[in-house]
Amino acid sequence: MISVSKIEKRFGALEVLKSITANFDSGRSYALIGPNGSGKTTLIKSILGMVVPDQGIIEVDGESIKGKWSYREKIGYMPQIGRYPDNMTIGQLFDMMKDLRSDCKSIDEELIEGFGLDKMMSKRMHTLSGGTRQKVSAALAFLFNPKVFILDEPTAGLDPIAVEVIKEKILKEMSDDKTFIITSHILSDLDELSSHALYLDNGSLIYNDSIALLKEETGEIRLGKAIATIMKRNQKNVMV
């Protein structure tokens, strides 16, 4: 579905991505993991076309995204922090997005109802709590029934009930041959929602394979422990 081949990106003297190659296939969920500054956000923004790599090729459905934008219709993106017009109501925001995507006939409002947003459509964005804004961002990501989801910290700031609502939605969509790329500092969530892991550190891809294999290689049961083992090994290799 998405192919990233030898992607490199620099910001001045800082090398942010170092020849990253990875495939994100349909029907799988990928945990994108790494410490702050590892290159996760730059990789995501490169796939979304918000950052232009210095080298390499990114393809969606076998076609290069360079100089194109229509492929974004296939992607539902949930940013870590959603920013919306302060005086716009929730209802106006959803109506505006539907008008912009009037060509899309398959609308998915399951999360709008699941989060109870349908009962607060008249509330203005500047009055919302951080958790409710997260619910709006999540509902927007799923609204147009995309083939690919890129979710940046999807459970951050959500109450326990809302966390279960979005987890159930992700697992449901995974069974429908969708592709998920999920970042989170809550590794227990990624363990539950992902089948594969990509671990980035200092711009390099350190691990790219199934979570089951990662646990087997490290002898750990939990993803968090397995990642910690990989981090320690990588630090030792850097020091040698």
Side-chain angles (χ1 to χ4, degrees), residues 1-2 24-33 40 44 47-48 72-82 84 90-91 93-95 97-98 101 104-121 123 125 128-198 210-215 221-227:
M1 180 61 199
I2 297 178
F24 302 93
D25 299 324
S26 299
R28 289 182 174 177
S29 178
Y30 297 83
L32 185 57
I33 306 169
K40 301 189 303 296
I44 286 174
I47 294 172
L48 292 170
R72 296 175 187 166
E73 296 177 354
K74 301 175 183 178
I75 300 175
Y77 173 51
M78 179 182 177
Q80 183 175 356
I81 300 175
Y84 308 104
I90 294 176
L93 177 62
F94 282 111
D95 287 342
M97 297 306 296
K98 289 176 183 177
R101 291 289 306 277
C104 182
K105 306 304 179 184
S106 180
I107 302 297
D108 183 351
E109 297 187 341
E110 187 172 351
L111 280 185
I112 293 178
E113 298 172 4
F115 287 143
L117 295 175
D118 53 325
K119 299 178 179 63
M120 54 179 76
M121 288 294 187
K123 288 192 174 183
M125 298 304 296
L128 304 182
S129 66
T132 302
R133 293 173 73 92
Q134 281 290 88
K135 293 175 183 178
V136 170
S137 293
L140 286 171
F142 284 81
L143 187 61
F144 299 107
N145 196 26
K147 297 170 64 177
V148 177
F149 295 88
I150 299 178
L151 309 179
D152 193 353
E153 300 285 348
T155 62
L158 297 181
D159 59 78
I161 294 176
V163 168
E164 292 308 311
V165 168
I166 192 169
K167 282 183 178 180
E168 290 176 6
K169 181 61 173 174
I170 291 171
L171 292 171
K172 178 182 177 181
E173 294 298 318
M174 280 173 57
S175 66
D176 198 24
D177 212 30
K178 304 293 181 67
T179 303
F180 281 85
I181 302 173
I182 307 174
T183 73
S184 178
H185 286 94
I186 306 173
L187 296 186
S188 58
D189 285 348
L190 294 177
D191 206 352
E192 184 177 349
L193 298 173
S194 305
S195 57
H196 286 64
L198 288 84
S210 73
I211 291 176
L213 181 61
L214 175 62
K215 292 178 179 179
I221 298 175
R222 294 188 293 115
L223 177 60
K225 287 282 190 178
I227 289 297

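Nothing here was measured: the structure is a model prediction, and the numbers come from that model.
- For the pair Ser210 (side chain) and His196 (backbone), a donor-acceptor distance under 3.5 Å is absent.
- Under the 4.5 Å side-chain criterion, counting only non-hydrogen atoms from C-beta, Glu109 is not in contact with Phe142.
- Contact annotation: the side chain of Ile33 never approaches that of His185 to less than 4.5 Å [non-hydrogen atoms, C-beta and beyond].
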Donor-acceptor contacts, no H, no angles, side chain residues 110-121, under 3.5 Å, sequence neighbours left out:
from, atom 1, to, atom 2, distance (Å)
Glu110, OE1, Lys169, NZ, 2.8
Glu110, OE1, Lys172, NZ, 3.0
Glu110, OE2, Lys172, NZ, 3.4

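- Residues Leu143 and Asp108 form no side-chain contact, since every pair of their non-hydrogen atoms from C-beta on lies 4.5 Å or further apart.
- The NZ atom of Lys147 sits 6.5 Å away from the OG atom of Ser26 when rounded to the nearest 0.5 Å.
- Across every non-hydrogen atom of Leu190 and Ser184, the tightest pair is CD1-O, 3.5 Å.
- Using a 4.5 Å heavy-atom cutoff, the side chains of Leu128 and Arg133 are in contact.
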Requested in this report: Mind running side chain to side chain contact (heavy atoms under 4.5 Å, CB included) on Ile107 and Phe144 for me, showing each step along the way?
Outcome: CA-CA 5 Å; Ile107 302 297; Phe144 299 107; 3.6 Å; yes
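- Residues Ile47 and Phe24 have side chains in contact (heavy-atom distance under 4.5 Å, counting atoms from C-beta outward).
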Report task. Go through the steps for Ile211 and Ser194 under the test side chain to side chain contact (heavy atoms under 4.5 Å, CB included), then give the verdict. Result -> CA-CA 8 Å; Ile211 291 176; Ser194 305; 3.8 Å; yes
Report task. Show the numbers, then the answer: is there a salt bridge (charged side-chain N to carboxylate O under 4.0 Å, His left out) between Arg28 and Asp177? Result -> CA-CA 7 Å; Arg28 289 182 174 177; Asp177 212 30; over 6 Å; no
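- Taking the side chain as every heavy atom from C-beta outward, Met97 and Leu140 approach each other to under 4.5 Å.
- Using a 4.5 Å cut-off on side-chain heavy atoms (C-beta onward), Ser195 and Tyr30 make no contact.
- Residues Asp191 and Ile221 approach most closely at OD2-O, 4.4 Å, considering heavy atoms.
- Taking 4.5 Å as the limit, some side-chain heavy atom of Leu48 sits within range of a side-chain heavy atom of Tyr77.
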Report task. Apply side chain to side chain contact (heavy atoms under 4.5 Å, CB included) to Asp25 and Met1, showing your working. Result -> CA-CA 5 Å; Asp25 299 324; Met1 180 61 199; 5.8 Å; no
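- There is a side-chain donor-acceptor pair under 3.5 Å between Asn145 and Lys178.
- Residues that satisfy the side-chain contact (heavy atoms from CB on, under 4.5 Å) test with Leu193, not counting sequence neighbours, are Lys167, Ile170, Leu171, Ile182.
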Query raised in the report: Run the side chain to side chain contact (heavy atoms under 4.5 Å, CB included) check on Met78 and Asp152 step by step: do they pass?
Result: CA-CA 6 Å; Met78 179 182 177; Asp152 193 353; over 6 Å; no
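- Closest heavy-atom contact between Gln134 and Glu153: NE2-O, 3.4 Å.
- Residues Pro154 and Leu158 come closest through the heavy atom pair O-CD1, 3.3 Å.
- Annotation: Lys225, atom NZ; neighbour count of heavy atoms from other residues, nucleotides and ligands within 6.0 Å does not exceed 12.
- Taken from CD1 in Ile150 to OG1 in Thr179, the straight-line distance is 10.0 Å, to the nearest 0.5 Å.
- Heavy atoms only, all atoms of each residue included: Leu214 and Ala226 are closest at CG-CB, 3.9 Å.
- Residue pairs satisfying the ring-ring contact (aromatic ring centres under 6.0 Å, His included) criterion with at least one member in residues 151-174, sequence neighbours excluded, are absent.
- What you find for Pro146 and Ala141 is that their closest heavy atoms are CG-O, 3.6 Å.
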